[in-house]
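Below, each value reflects all heavy atoms present in this structure, side chains not excepted, and no hydrogens, waters or symmetry copies.
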Amino acid sequence: MDLRKQLLKEHSKENSQHIFDYLLENPERFAELMEIFTQEDYRLNQRSAWIIGLVGETKGEWLLPYFSTLIDCLENPIHNAIARNIYRSFQSLSIPKEFEAQLYDLCLRDLSNPKSAIAIKVFAMTVAFNISKNHGELQEELALVIEEQMPYGSTGFKSRSRKILKAISKNKKKS
């Protein structure tokens with residue numbers, strides 16, 4: 001399969017799933033998808049991001065060699081789909097220690113940004129919480145940011161916020 005042509009063919013859930021299924025059968029081609037993802041073509045970035053999100057949920061180990069690249073993409077994403085799907089992927093991964101501080105800061109930046117899309121905020125909140133589990137001192141800061149954002153959040157945002165705040169509260173009582 002020519003990944004670039006297939007990505008340009010259409011932007012749909014079915015096409016993304018088709019490409020993802022192809023990559024499952026041909027994991028050696030994942031590097032090519034990452035190459036496409038990091039090039040400066042708005043449409044290809046957006047469409048390949050969806051597949052990166054799928055990879056993160058089921059084959060997260062494929063992303064480990066690309067952590068630095070993915071975090072660089074979070075610094076200045078050219079499309080919401082990029083940040084949304086990178087955070088979505090990172091939710092279920094164990095974050096390498098050397099990236100925790102930088103990623104935590106990016107999560108708080110996007111969680112606090114009133115212009116961030118709700119999905120980006122929710123995924124970033126979860127990633128920040130997962131990082132904070134290893135660093136109790138960060139949980140208080142995260143709780144403050146979440147509480148500050150709750151009045152402006154959607155129903156889904158508020159639901160995730162309550163769950164994370166409850167978990168932070170439990171962790172506080174243990175220590």
Next on the checklist: With side-chain contact (heavy atoms from CB on, under 4.5 Å) as the criterion, how do S161 and M125 come out once you've worked through the C-alpha distance, each side chain's angles and the decisive distance to 0.1 Å?
Outcome noted: CA-CA 8 Å; S161 296; M125 181 187 345; 3.4 Å; yes

Next on the checklist: Could you walk me through whether F90 and F67 satisfy the ring pair (Phe, Tyr, Trp, His ring centres under 6.0 Å) test, starting with their C-alpha distance in whole Å, then the side-chain angles of each, then the deciding distance to 0.1 Å, before giving a yes or no?
Outcome noted: CA-CA 9 Å; F90 285 176; F67 248 84; 4.6 Å; yes

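Side chain of S89 to main chain of I52: a donor-acceptor pair is present (N/O by atom type, distance under 3.5 Å, no hydrogens or angles). Not one N or O on the side chain of R47 forms a donor-acceptor pair closer than 3.5 Å with the backbone of R4. D41 contributes a side-chain N or O that, together with a main-chain N or O of R43, makes up a donor-acceptor pair within less than 3.5 Å. Checking side-chain atoms of S116 against main-chain N and O of S112 turns up no donor-acceptor pair under 3.5 Å. Under a 3.5 Å cut-off, the side chain of S132 and the backbone N or O of F129 do form a donor-acceptor pair. D2 places a side-chain N or O within 3.5 Å of a backbone atom of K5 that can act as its donor or acceptor partner. N130 contributes a side-chain N or O that, together with a main-chain N or O of Q91, makes up a donor-acceptor pair within less than 3.5 Å.
Between T155 and K158, the closest side-chain pair of non-hydrogen atoms is not below 4.5 Å. Using a 4.5 Å heavy-atom threshold, the side chains of I118 and R84 count as separate. Y87 has its side chain out of reach of K121: every pair of non-hydrogen atoms, C-beta onward, lies at least 4.5 Å apart. Side-chain contact between M34 and L70: present, with at least one pair of heavy atoms (C-beta onward) separated by less than 4.5 Å. For the pair N45 and H79, the minimum side-chain heavy-atom distance is 4.5 Å or more. Residues I51 and N85 form no side-chain contact, since every pair of their non-hydrogen atoms from C-beta on lies 4.5 Å or further apart. When side chains are defined from C-beta on, Y104 does not count as touching I95, because their heavy atoms never get closer than 4.5 Å. At a threshold of 4.5 Å between non-hydrogen side-chain atoms, the residues F30 and P27 do not count as touching.
Heavy-atom minimum distance, L93 versus G60: CD2-CA, 3.3 Å. Nearest heavy-atom pair across L74 and A83 is CD2-CA, 3.7 Å.
Side-chain contact, Q17 with D21: a donor N or O sits under 3.5 Å from an acceptor N or O. Q6 and N15 share a side-chain donor-acceptor pair at under 3.5 Å.
Cluster membership for L8 and M1, using ILVMFWY side-chain heavy atoms within less than 4.5 angstrom, is shared. Criterion: ILVMFWY side-chain heavy atoms under 4.5 Å apart, direct or through other members. Under it, I78 and F37 are part of a common hydrophobic cluster. Under the 4.5 Å side-chain heavy-atom criterion for grouping Ile, Leu, Val, Met, Phe, Trp and Tyr, L64 is connected to I86 within one hydrophobic cluster. No continuous path of hydrophobic side-chain contacts links I120 to Y152 [ILVMFWY only; heavy atoms under 4.5 Å]. L111 is connected to M150 through a chain of hydrophobic side-chain contacts under 4.5 Å among Ile, Leu, Val, Met, Phe, Trp and Tyr, so both are in one cluster.
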